[in-house]
Amino acid sequence: MTLLDGDEPLPPDLVMSVKDLKVWYGTARGPVRAVDGVSFDIRRGETLGLVGESGSGKSTLGRGVLGLLPDAAEVSGKVLFRGRDRVTMKRRALRSLRGPELGLIFQEPMTRLNPLMRISDHFFETLHTHERGLSKTQMRKRAIDTLGAMGIPPTRFTNYPHEFSGGMRQRIMIALALVLNPAFVVADEPTTALDVLVEAQIIGILNDIKRNFDTSILLITHNLGIIAEACERVAVMYAGRIAEQGDARAVFARPAHPYTRELLASTISLSTTELHYIPGAPPDLIHPPSGCRFHPRCPDAMRVCPTRHPPTVVTELNQKVDCWLHGPDQLIPPGGKESLEREAIGVADEA
Ligand code: ATP
Ligand code: SF4
Ligand code: MG
């Protein structure tokens, strides 16, 4: 593909690179800083899990990288997809990319499937919009093959949405997102409305997609168990920013950010019957806390934390973490945390 003027080539192993993305929603009380300076990469054929409490900006981020935000949203930063900058790309070019190259799997399939249209018509409409050259026979074959890969038999092709169970409807939604063979898909809470057995099936399907179609997936979920089963890497979001990101197993084994640690502790574990809640509530994103946004709830907060946002530091396990406990190296003096309290104040950084 030819690069447009001003586009940056991406390394061949990357499908998407997001740099300092901000999405602010205008409201009467002031802008909601739903995504506020987020950077991450997605590699070819990998699933990146995006986890965080309700209202932390996960869906906004997922929609932002697809260019699916309401007009009132103010967006800045870069989303490089195959070398194109999607944030500055013209709307028409964005639309033409969305179907064939980028897909979205929604949380509630029933609200996205038209109850008056047969499943076959949903597929014909999608294929007709994005691949105009296909004959009806070719469209039918593509649709039935993709549905078959999701375990929906050809005999159900002309059924209406209400004739399927919730789990089957979700699989139909996944097939609709995949029938154009996109390079990158955002799956926003794809299993939330489903029971545990169906949830396991959907996770299995997402893993198959990755293997068989080489699709990259941004998987948004509240559920750390799903991340562990389906994701190579994880990004932990707090109040519009990514607190920590890295290899999923490394992050689970040695969380570097106190918020990740608290989030892991709040997940029900087989070894304990006690449920741990993170004290306090997520902040108001119109007036987020100063410095590190987690400081009002952080058990490790230091004097520096409310004054300056910590810079991103890479740990020895290659985790990227925004927390003063981790440096940067030149700021961690031999005296440890106590001297950090004295020395870190006054370090020039964004407020
Ligand atoms: P959940 O886990 O509940 O789905 P989330 O992490 O996906 O939450 P978002 O839906 O992205 O969070 O919302 C982030 C913040 O942006 C919230 O404070 C939300 O109220 C606000 N927000 C979302 N959409 C809009 C909008 N269209 N206008 C104004 N504020 C919005
Ligand atoms: Fe806690 Fe400070 Fe680290 Fe923020 S920067 S997570 S307040 S220790
Ligand atoms: Mg959401």
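Numbers for residues simply follow the sequence, beginning at 1. Predicted model, so just to flag it, every value in this text is computed and none were measured. We count ligands from 1, going down the list as the structure has it; atoms in each ligand are counted the same way. These values consider heavy atoms only, across backbone and side chains, with no hydrogens, waters or symmetry-generated copies.
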Trainee: Applying ring pair (Phe, Tyr, Trp, His ring centres under 6.0 Å), can you list everything that pairs with Phe124, at least two apart in sequence or on another chain?
Mentor: Phe157
Trainee: Taking non-hydrogen atoms only, is Val32 closer than 4.0 angstrom to ligand 1 via side chain, backbone, both or neither?
Mentor: side chain
Trainee: Find all atoms of ligand 1 within a distance of less than 4.0 Å from any non-hydrogen atom belonging to His222, and give their numbers and elements.
Mentor: 2 (O)
Trainee: Shared ILVMFWY cluster between Met237 and Ile286, side chains joined below 4.5 angstrom?
Mentor: yes
Trainee: Does an N or O anywhere in Thr27 fall below 3.5 Å from an N or O of ligand 1?
Mentor: no
Trainee: Taking all non-hydrogen atoms of both residues, which atom of Ile220 and which atom of Asp188 are closest, and how far apart?
Mentor: CG2-OD1, 3.4 Å
Trainee: Parallel, tilted or perpendicular: which one describes the rings of His162 and Tyr160, with boundaries at 30° and 60°?
Mentor: parallel
Trainee: Is Arg261 salt-bridged to Glu244, cutoff N-O under 4.0 Å?
Mentor: no
Trainee: Suppose the cut-off is 2.8 Å; which protein N/O/S atoms would you list for atom 1 (Fe) of ligand 2?
Mentor: Cys298 SG
Trainee: Quick one: list whatever passes side-chain hydrogen bond (donor to acceptor under 3.5 Å, both in side chains) with Ser17, sequence neighbours left out.
Mentor: Asp41
Trainee: State which residues pass salt bridge (charged side-chain N to carboxylate O under 4.0 Å, His left out) with Asp20; sequence neighbours excluded, sorted by chain then number.
Mentor: none
Trainee: Within the 4.0 Å heavy-atom shell around Ala34, which atoms of ligand 1 are there?
Mentor: 14 (C), 15 (C), 16 (O)
Trainee: Is atom CZ of Arg249 surrounded by more than 12 heavy atoms (other residues, nucleotides or ligands) closer than 6.0 Å?
Mentor: no
Trainee: Please indicate whether any nitrogen or oxygen in Gly55 is less than 3.5 Å from any nitrogen or oxygen in ligand 1.
Mentor: yes
Trainee: Heavy-atom contacts with Ser56 under 4.0 Å: which atoms of ligand 1 show up? List them by number with element.
Mentor: 6 (O), 12 (O)
Trainee: On the 0 to 90° scale, with breaks at 30° and 60°, tag the Phe294-His257 ring pair as parallel, tilted or perpendicular.
Mentor: tilted
